[in-house]
Every structure is written in C-alpha cells, then in structure tokens.
Amino acid sequence: MEKYTKESMRQAICDKLRLNFGCTEEEATEANMLKACAMVLRDRMNAQYVDSRQKVRKKQLRRVHYMSMEFLMGRSLMKNAYNLGVLEPMKAAIEDMGFKPARIFDMEPDAGLGNGGLGRLAACYLDSLTTLEIPARGYSICYELGIFKQKIVDGQQIELPDNWLDQGDAWLVPKPEDVEEVHFGGTLREFWDGDHLHIINEGYTRVLAVPCDMTIAGYETSHTNSLRLWDAKSPTPIDMGLFNQGEYVKAGEEKAMSEAIAKVLYPEDNHYEGKSLRLRQQYFFVSATVQSIVRKHIQNYGTVTNFHEKNVIQINDTHPALVIPELMRILMDDAGISWDEAWHITVNSVAYTNHTVLAEALERWPQQLMQTLLPRIWQIICEIARRWQAKATDFYRGDESKIKNMAVIWDGEVRMANLCIAGGMAVNGVSALHSDILRNDVFKDACRMEPEKFKNVTNGIDHRRWLAEINPGLDSLICELTGGTDYLRHPGTALPKLDKFAGDKQVLARLGEIKHANKLAFAKFAKKEQGFILNTDAIFDVQVKRLHEYKRQLLNVMQIINLYLQLRDNPNMDLHPHTFLFGAKAAPGYAVAKRIIRLINSLADQINSDPICKDKLQVFFLENYRVSMAEVLMPASEVSQQISTAGKEASGTGNMKFMMNGALTIGTLDGANVEMHQVLGDENMFLFGLKTEEVKEMRDTGYNPYRLYSRDATLHRVLDQISQGFKDGIRYDDLVERLLFGSGSPADEYMLLADYPSYCDAERRMMATYRDSVKWNQMSLHNIARSGIFAADRSIADYADTIWHVPYKK
Ligand code: 26Q
C-alpha cells in the first residue's frame with residue numbers, strides 16, 4: 001500500500017470530514033478531527049486485515065485465541081499511526097489544517113476495559129502478537145462502562161462512570177453477521193437414539209452476542225489481527241404478551257437483564273467475589289467465543305478432529321475457565337464426538353496463565369449458582385472433576401489431603417484454577433519466582449502428578465508504546481547510540497549496546513537533560529489536570545499501581561512521615577528536594593484501601609502546606625491514574641517504588657515501564673524484580689526487605705509486629721503520628737490497629753513493620769546516590785540498556801516456543 005505523505009493524509013482526513021460529518025476542515029471541531037483521523041487509519045488497517053486473513057487461511061496456520069475479561073487498551077490514535085509508520089505525516093497534516101496534534105491526541109478517551117496489570121498485559125500482547133506476525137485474535141466483552149473514573153473529594157475516592165463509547169467508538173466495527181447465541185438456565189432432558197445419548201436443554205434464556213471488532217496494527221508489518229469485543233443484546237426487544245396486558249416495566253425486564261451483561265467492568269482486582277452477574281459475563285463471552293472459533297474451524301476444515309492442531313486458546317487467568325467445559329459441550333453435543341475424543345482435543349487446545357497467589361483472589365464458584373445458571377456445563381464439570389479425582393487418587397494412592405488440594409469441586413464450590421490445570425495443556429506463572437511458587441507451593445500436588453504442564457513465561461511490555469512512542473527524546477538518543485531503530489524489533493540485542501556509554505559524560509548529561517525535559521512536561525500535565533505545582537528540581541519518586549495492602553503503599557507513607565518528622569526536628573537538615581507521587585484506584589468495596597488513599601491525602605495536605613517543607617518535600621496524590629497518565633509519568637520518573645511483600649506480587653509490569661524509561665528501582669525481591677536484579681546486580685538498583693522464604697519463616701515462627709513497634713523508637717513515632725493524623729483532624733487509629741493487632745486478619749499481614757528499617761535504609765542509599773548525578777545517570781543508562789528482556793516481543797516468543805508451538809517472525 002502507498003505510504004501517506006502529508007498532502008495525501010490531509011486529503012484523506014478532509015474526505016472523512018466531508019463524508020461523515022458533513023463539514024469542511026475549517027468547520028471541523030477537534031472531536032471531528034479525532035474521529036476523521038481514526039477513520040483514515042481504520043480504513044487502512046481493515047484493508048490490510050482482509051489480506052492477512054486470506055494469507056492465514058491459505059497457509060492453514062495454527063491460530064492463537066487470547067481470551068481475557070480485560071483489555072486495557074488506552075488510546076489508539078498515536079499507537080496506530082506509529083505502528084503504521086504514518087505518525088509524522090499525520091501530525092503534519094493536522095497542523096497544516098490549523099489544529100494542534102497534541103490536542104487532538106488528547107481528545108481520545110482511554111479504552112479502560114481493564115483494572116490494571118492483567119488487562120494492560122493483554123493489550124501489550126496484542127501488539128507483539130501482531131508485530132511477530134502470529135495469526136491471533138483477542139476476545140473480551142464490549143463493556144459500556146470501563147474502569148470507573150476516580151475523583152478525589154475531601155481526600156476521599158469517589159467513583160464516576162466511565163462512558164468511553166461516547167467518544168471512543170471510532171475504532172470499533174460492528175459485525176452483526178457474526179452474531180452468536182448464548183443460553184442460560186433451562187432444564188436438561190436426556191434421551192437415547194440408538195446407542196447415542198442426546199442431552200437437550202429446554203426452556204433456557206437466550207442472549208445474543210454481537211461482535212464489535214477493533215483492528216490491531218503491528219509495527220513494521222502489514223500483518224493485522226483483531227480484538228473481538230462481544231456486546232450483549234436481547235433477541236426480543238419487548239415481551240408483547242406482557243406489554244399488551246399493560247405490564248410495561250415487566251415487558252422490558254428480560255431485555256434489561258440480557259443487556260446488563262455488557263454494562264460494566266467489575267472493578268475488583270486481585271480479589272474474587274461470587275456475584276452471579278460476573279459468572280454470566282464470563283459464560284457469555286466464553287460461549288460466544290468458543291462457538292465462533294469452532295464455527296470458523298469447521299468452515300475451513302470441514303471437521304473438528306484437527307481442532308487442536310489449528311487452534312490454541314490462551315486464557316488470561318481463570319476468568320475464562322469455562323472454555324474447558326464449553327468446548328467439551330460443543331464438541332460432544334453439537335459436533336457429536338465422544339467424551340474421549342473431545343477431551344483429547346480440549347486438553348491439547350487450552351492453556352492457562354495464572355496471575356496471583358493470593359488466596360482471596362482464586363476463583364471458587366458456588367455449585368448452586370453454576371448448576372442453575374449453566375446446567376449442562378455443571379454436568380460436564382462434574383464429570384471432569386470425577387475423572388481428575390480418580391487420576392489423583394490413583395497417583396497419590398488415596399492420600400486424602402492431596403486429593404482435597406487438587407479437587408475441582410470441593411465443599412460445594414467449583415475451583416476454577418484446578419479446573420484449568422485438569423483441562424489445559426499448560427499452566428504458566430508470569431515471572432520466574434511466581435512460577436516457582438506455583439510449582440512448589442500453590443499447585444504443588446498437581447505439579448508432582450503432571451510436571452510437564454507447568455511453565456514460566458515472564459511478563460513483558462510493549463516497548464514501542466512504553467518507550468519509543470511516549471519518550472521521543474530517549475528514543476532519539478537510543479537510535480543515535482545503538483545505530484538506528486533496530487532496538488524497536490530486537491531490544492534484547494540492540495539495547496545492551498548502550499552499556500558501553502556508561503563512561504561517556506556527554507551521553508550521561510544528555511540522559512539527565514532528557515529526564516529533566518520529561519519532568520517539566522509532567523509538571524505541566526499535573527498543573528493542568530489538578531493544579532499541582534511540582535518542584536521539577538526535586539527527585540520524582542513514584543508509586544503508581546492499584547491500591548492493595550500487599551503492594552504496601554502504606555509502607556511508603558510510613559517512610560515519608562519519618563522523613564517529615566526528621567525535617568521538623570531539624571529544619572536545616574540536608575535534604576535533596578524530594579517529590580513523592582502516588583496514583584492508585586481502590587476497588588470500591590475495599591474499605592482499608594480507601595482509608596489509605598485518604599491518609600495519603602491527609603499527609604499530602606499537611607506536608608505541602610508546612611513552610612518547613614518548602615522547596616524540600618512534596619507529596620501528591622494523582623487523581624484517576626490510568627494508561628494515558630502513565631504515558632506522561634513514566635518518562636518523567638526517577639524512582640520506581642516496587643515494594644510488595646516478597647512472594648505476593650506475581651510479576652508487576654509497571655516496574656518494567658519505569659526501568660525502560662531510566663528510573664531506578666527501590667524494591668523487594670518479588671515478582672519480576674528478581675529477574676531485574678539478575679540483569680542489574682546490587683549496584684544498579686536499591687533492594688531491601690525479607691525474601692520470600694524469610695517471609696514464610698517469620699510467619700511460621702510467630703511474627704510479632706507489636707514488639708517491633710515497642711522497641712523501635714522511630715517506628716513508634718511514625719505509627720503514633722498515623723494514629724493521631726494530621727492537621728485536617730482525621731485520625732487513622734484503624735490502620736495502625738490493623739498493623740499492630742489485626743482485625744479479622746493477622747496483625748500486619750503484609751509485614752510492613754518487619755521491612756520498615758531495611759526500607760528506610762534503601763531510601764537513604766538512594767538519596768545519597770542521587771547527589772552524584774554522574775553515578776545516577778550511569779545507573780539509569782544500565783537500566784535502559786538491560787530492559788530488553790522485559791519487551792513483550794520476548795514474552796510472546798516464549799509463549800510461541802514453549803506453549804503454542806507456532807512460528808513467528810524473528
Ligand atoms: C475475579 C473475579 C471476580 C471479579 C474480579 C476478578 C478479578 C479481576 C481482575 C481478579 C483479578 C484481576 C486482576 C489481576 C491482576 O491484574 N493481576 C496482576 O497481573 C499482572 C500481569 O500478569 C501482574 O504483573 C501482577 O503482579 C498481578 O497482580
């Protein structure tokens with residue numbers, strides 16, 4: 001296809017404005033411009049998509065189906081323009097037409113169809129799947145409302161609906177011709193036909209699944225994939241019978257029930273709640289997806305017997321676990337093959353990625369709910385459970401505790417992780433440490449029985465978005481020093497070339513200048529968004545991630561209070577100016593997390609208004625942390641806080657984004673920090689805290705946070721300050737109580753007090769290093785140079801090699 005020039009791009013945009021909005025470029029609003037630009041790119045991607053599909057069909061390649069309840073896509077205009085290689089002509093054309101490109105890009109709402117790490121990972125993987133030319137499709141739900149918008153009112157989180165489709169539908173193409181029908185409820189009737197047992201469900205409720213597709217462009221390739229988002233529609237607009245009886249509200253109830261399925265994304269992350277609507281969402285998207293995959297497969301091959309050779313279904317956590325019984329159902333009840341044949345196909349098609357070891361996040365659905373909502377699926381799960389249990393009993397010679405651990409159904413609940421282990425061909429963790437914990441702890445017994453299923457694929461991020469696109473200053477420096485744009489396709493081999501510039505003062509100074517320019521840009525953003533005045537000469541010390549006790553935002557708060565109290569004791573203390581930035585959404589029902597947000601705001605209010613802190617200390621809570629904010633923040637960050645209790649954070653991916661943008665990490669040996677440490681060494685990051693084994697041991701031998709509190713005077717002082725609160729008069733005794741005594745949970749469950757002294761020490765080492773800007777920039781350079789292992793291209797290559805067994809572009 002012809003490359004766009006500024007002129008041809010301008011013409012294309014003009015045509016879109018005329019045809020779709022009936023306006024000229026002079027009359028167009030910024031919103032019109034955004035949509036017109038999106039349409040120009042969408043046309044091009046769709047044209048490529050037709051060719052890609054044809055090629056895949058002709059070559060009969062194995063396809064990857066990536067199923068996830070979340071795809072946190074963020075914005076797409078700049079990303080697509082970048083991948084298509086038309087970012088420059090597009091910016092020039094926009095400018096030529098009298099608009100500011102940055103303002104147009106800023107108009108685009110984030111597609112916030114995800115909570116955090118797991119959802120963003122899925123989005124990064126779509127980019128790499130496409131760039132590596134793997135035939136793939138993502139599947140999810142077209143939520144009307146994405147992750148809530150966070151407002152801070154009087155220091156507290158308020159949730160507002162995120163109606164992203166108002167402005168953000170420009171990338172979606174409805175495909176009504178590919179509609180699927182999903183059935184809920186009903187009763188089963190069994191009958192024999194010769195020697196074949198038929199199982200029929202009668203009296204079920206129908207919901208239509210209508211696909212809305214988003215085309216995905218790769219970098220430097222014409223290969224194109226897509227993300228299929230299912231929208232829920234009722235097959236009947238209204239119940240005419242009820243309507244005619246004058247029951248107007250009742251007449252519309254069924255429609256409302258159906259359409260509620262795609263209304264809203266559940267905002268809990270790393271926490272499971274057994275809500276029936278959530279289970280409906282899961283089955284809705286699973287059933288529509290599996291039906292559509294099997295239908296296409298039969299169209300192409302005329303049989304299901306080779307299904308597993310031509311398809312692989314990767315499931316993002318257990319949320320789509322019902323693919324296993326659903327695929328069994330379709331193969332047996334619709335395609336008419338036997339249990340054994342269907343099982344062979346299923347266990348060779350489905351692979352499961354685990355993202356958490358937190359017990360409260362493992363999905364367990366009540367049998368009652370499963371049985372009434374999905375009677376046939378329940379039947380199949382029972383049979384899977386029975387056979388799996390027989391296998392385990394045989395293997396472990398009836399050892400009750402092992403059989404209990406591995407059970408798919410236990411105590412009236414369906415355990416989704418065990419279902420995935422039984423019915424999948426692979427189970428992978430998302431970092432080396434996490435995969436070890438799965439093998440040796442969480443899924444130990446299953447792993448002994450089927451060790452070959454257990455794999456590791458360390459997470460990665462789309463480095464083209466998270467470095468090149470958002471940090472153009474750093475991108476140019478890298479290109480200059482490594483000899484071109486090779487790093488965009490081969491970061492693992494190109495970025496290490498930067499290491500040899502560690503002694504080059506000029507390069508180090510430029511790195512410092514780039515960071516400073518990015519800090520100014522973020523300060524401008526924070527001023528515009530929230531009216532904050534950031535000190536751009538201060539260290540930008542950042543903790544952004546979902547709010548959760550295990551992530552220990554409170555530990556960071558404790559350390560800041562300590563610093564503040566020291567400054568109060570000694571206002572002339574020699575302290576390099578320090579700006580602490582927090583960003584975090586709390587699940588709306590997570591009261592403790594919300595209290596911590598309020599505490600951060602109370603502390604910020606105190607410190608930012610205390611004259612003693614002027615030009616020295618600042619604390620800000622960034623409202624509504626999201627993908628598009630991270631894109632401005634990552635390039636400006638200098639310190640990355642990755643301080644979870646060892647063994648709790650499966651991987652982390654924010655840690656990788658900071659590293660790639662040259663921030664230095666203060667962190668525990670948790671998740672992917674372990675692998676970061678392997679490439680960086682002690683000398684290029686600030687490690688602290690208990691290791692996974694030590695955490696366990698301390699728990700087992702009786703951890704006593706109260707003793708630490710009574711014996712450590714600074715710790716005592718910090719916690720008392722939290723209890724008492726700050727100038728706004730709000731006390732936080734509840735949080736301190738939770739640390740010292742626990743309340744329904746173990747005291748200091750995440751061991752903040754145990755790690756506190758070592759954390760303060762790491763902070764001191766970091767501040768001392770910051771004074772030596774040459775040293776700092778050297779470390780920063782090494783971080784960038786060695787971040788190549790965290791590119792999503794590497795993760796996808798690992799999946800392709802070890803789990804999917806599909807070829808890809810090298
Ligand atoms: C489950 C049932 C009902 C309602 C909600 C949920 C639910 C939703 C989202 C459970 C968990 C999540 C999200 C989990 C998540 O984001 N985990 C993170 O995944 C990242 C990518 O692998 C890792 O880097 C993080 O360590 C992990 O916390």
Side-chain angles (χ1 to χ4, degrees), residues 66 68-72 112-125 140-141 143 146-147 264-283 285 314-322 352-366 369 413-417 428-435 437-438 456-462 544-552 584-585 587-590 627 642-658 667-668 670-676 790 792 795 798-799:
Y66 195 90
S68 176
M69 288 286 279
E70 310 189 6
F71 281 87
L72 193 47
L113 309 184
N115 275 286
L118 167 146
R120 182 56 228 175
L121 187 77
C124 285
Y125 282 180
S140 193
I141 293 173
Y143 301 107
I147 185 68
V264 59
L265 166 80
Y266 274 88
E268 279 86 39
D269 115 312
N270 276 303
H271 184 79
Y272 153 78
E273 250 178 287
K275 295 267 164 60
S276 106
L277 182 59
R278 169 82 181 184
L279 188 61
R280 273 174 222 267
Q281 288 187 332
Q282 293 185 348
Y283 184 67
F285 121 90
Q314 186 71 44
I315 61 175
N316 206 17
D317 216 297
T318 54
H319 316 155
L322 293 173
Y352 153 56
T353 306
N354 172 286
H355 295 265
T356 188
V357 300
L358 298 185
E360 69 267 27
L362 293 179
E363 282 190 292
R364 294 167 293 127
W365 289 100
L369 182 60
E413 289 179 324
V414 183
R415 299 186 186 157
M416 305 312 265
N428 75 283
V430 289
S431 72
L433 175 71
H434 171 60
S435 298
I437 294 174
L438 295 184
N456 172 249
V457 180
T458 298
N459 282 166
I461 58 172
D462 168 7
V544 285
K545 47 182 79 253
R546 285 297 290 254
L547 212 138
H548 203 291
E549 286 165 283
Y550 85 81
K551 295 174 187 281
R552 300 200 296 191
K585 286 179 183 172
Y590 190 174
V627 172
Q642 307 300 336
I643 62 177
S644 52
T645 316
K648 300 293 181 194
E649 188 69 274
S651 161
T653 43
N655 47 359
M656 303 169 184
K657 292 162 198 164
F658 283 106
T668 47
D670 199 14
N673 298 354
V674 175
E675 285 147 276
M676 199 174 272
F790 296 123
S795 309
D798 285 355
Y799 276 103

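Counting convention: from 1, in listed order, for ligands and their atoms alike. The first residue of the sequence shown is numbered 1, and numbering continues consecutively from there. Bear in mind the structure is a predicted one, so any value in this text is a computation, not a measurement. Note: hydrogens, waters and symmetry copies are ignored here, and every other heavy atom, side chains too, is used.
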Check ligand 1 against the protein and report each N/O to N/O distance under 3.5 Å, formatted as atom name, atom name, distance.
unit_1	atom_1	unit_2	atom_2	d
ligand 1	16 (O)	L118	N	3.0
ligand 1	22 (O)	H355	ND1	2.6
ligand 1	22 (O)	N459	OD1	2.8
ligand 1	24 (O)	G652	N	2.8
ligand 1	26 (O)	E649	OE1	2.6
ligand 1	26 (O)	A650	N	3.3
ligand 1	26 (O)	S651	N	3.0
ligand 1	26 (O)	G652	N	3.1
ligand 1	28 (O)	N270	ND2	3.0
ligand 1	28 (O)	Y550	OH	3.2
ligand 1	28 (O)	E649	OE1	3.0

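When only modelled atom types and interatomic distance are considered, D670 and S644 share a side-chain donor-acceptor pair under 3.5 Å. A side-chain donor-acceptor contact under 3.5 Å links N354 and H434. A donor-acceptor contact under 3.5 angstrom links the side chains of H355 and N316, judged on distance only.
Of all the heavy atoms in Y125 and T458, the pair that sits closest is OH-O, 4.2 Å.
Side-chain contact check for Y266 versus N115: every heavy-atom pair is 4.5 Å or farther apart.
Counting only distance, with no hydrogens or angles, the side chain of T353 and the backbone of N428 share no donor-acceptor pair below 3.5 Å.
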